[in-house]
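Sequence lines set the chain letters: A, B, ... in the order given, protein chains first and strands last, and positions in each chain run from 1.
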Amino acid sequence: GAGVSQSPSNKVTEKGKDVELRCDPISGHTALYWYRQSLGQGLEFLIYFQGNSAPDKSGLPSDRFSAERTGGSVSTLTIQRTQQEDSAVYLCASSLAGGFGNTIYFGEGSWLTVV
Amino acid sequence: AQKITQTQPGMFVQEKEAVTLDCTYDTSDPSYGLFWYKQPSSGEMIFLIYQGSYDQQNATEGRYSLNFQKARKSANLVISASQLGDSAMYFCAMASYQAGTALIFGKGTTLSVSS
């Protein structure tokens with residue numbers, strides 16, 4: 001597709017269950033980001049992948065959160081043992097390359113509700 | 001420390017009027033980029049406009065322009081001739097070498113356009 005694609009668009013899960021969120025970046029984009037947005041709040045950086053370099057995991061809030069990027073393209077964000085405070089929109093983004101001069105394009109997000 | 005401040009939680013404007021959304025930033029890094037994103041109720045983050053710290057002229061993209069005042073560390077978004085479809089949340093964001101790979105976002109301003 002032409003844009004960043006995320007799935008599922010909506011996910012309701014029970015507390016304590018694991019969830020996986022998928023992101024397919026824009027073709028040719030080497031940089032991929034995950035952000036979290038809680039209701040009515042700004043965006044919180046989670047993790048960044050650039051090519052084959054080690055990811056920047058500095059924004060992950062706890063060890064229940066992890067992410068992978070296979071083959072330099074699709075990424076999966078996994079949240080283990082979900083808690084109610086994990087309820088948020090998880091936004092994936094990509095850019096042509098890393099570095100601050102490159103525009104970052106976002107997907108429509110995955111809305112996660114933990115009940 | 002890197003910081004973005006948007007002091008207007010909500011703005012109201014009538015169709016065809018111009019509106020200015022305020023953004024101030026804080027960084028000691030001489031190299032940085034400033035971005036504005038629009039987030040409609042659907043949740044997607046839509047890139048609007050970019051200004052580099054070394055750019056001599058203010059950025060413009062159609063009805064959007066960025067009023068960049070470097071000495072005052074402000075990067076206000078000006079929307080000319082507002083349309084009903086402009087109703088959304090607007091985020092100012094900054095990227096810099098000091099911030100590493102992540103865009104830092106402000107808390108956003110909700111713009112409501114009425115007929």
Side-chain angles (χ1 to χ4, degrees), chain A residues 1-6 8-11 21 23 26 29-51 53-60 88-113, chain B residues 1-10 21 23-25 27 29-55 59 61 64 66 75 88-110:
Chain A
V4 178
S5 178
Q6 292 187 245
S9 54
N10 283 284
K11 175 75 175 178
L21 307 176
C23 173
I26 294 172
H29 281 195
T30 62
L32 186 147
Y33 309 76
W34 283 98
Y35 282 82
R36 177 170 71 174
Q37 185 178 26
S38 300
L39 188 63
Q41 299 297 310
L43 274 69
E44 174 190 6
F45 167 74
L46 297 177
I47 191 169
Y48 161 72
F49 296 89
Q50 170 55 44
S53 302
D56 176 357
K57 303 179 182 180
S58 60
L60 294 178
V89 179
Y90 290 82
L91 288 157
C92 179
S94 70
S95 62
L96 193 59
F100 73 86
N102 292 283
T103 299
I104 297 175
Y105 297 92
F106 286 81
E108 293 190 357
S110 291
W111 297 64
L112 176 65
T113 303
Chain B
Q2 321 289 307
K3 188 178 180 181
I4 292 282
T5 302
Q6 295 181 254
T7 58
Q8 306 154 312
L21 306 183
C23 172
T24 58
Y25 59 92
T27 181
D29 194 330
S31 298
Y32 53 89
L34 297 156
F35 301 79
W36 277 92
Y37 285 86
K38 171 184 178 181
Q39 188 178 43
S41 57
S42 61
E44 183 181 3
M45 294 286 284
I46 302 167
F47 165 73
L48 295 178
I49 196 166
Y50 167 80
Q51 180 85 41
S53 60
Y54 295 117
D55 293 343
E61 289 286 348
Y64 304 108
L66 199 152
M89 180 81 91
Y90 289 79
F91 290 96
C92 180
M94 177 174 68
S96 72
Y97 283 121
Q98 286 188 11
T101 52
L103 272 179
I104 298 169
F105 284 82
K107 293 191 180 297
T109 296
T110 301

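Listed here is the closest heavy atom pair of B:L103 and A:Y35: N-OH, 2.8 Å.
B:Q39 contributes atom CD, which lies 4.0 Å from atom CD of A:Q37 (distance to the nearest 0.5 angstrom).
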Could you list the donor-acceptor pairs under 3.5 angstrom formed between side-chain atoms of residues 101-112 of chain A and any protein atom two or more places apart in sequence or on another chain?
| residue | atom | partner | partner atom | Å |
| --- | --- | --- | --- | --- |
| A:N102 | ND2 | A:A97 | O | 3.4 |
| A:N102 | ND2 | A:G98 | O | 2.8 |
| A:S110 | OG | A:P8 | O | 2.6 |

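Heavy-atom distances place the backbone of B:Y32, and not its side chain, under 4.5 Å from chain A. Contact of A:L91 with chain B is made through the side chain alone, with heavy-atom distances under 4.5 Å.
With sequence neighbours left out, A:E44 forms a salt bridge (charged side-chain N to carboxylate O under 4.0 Å, His left out) with A:R36.
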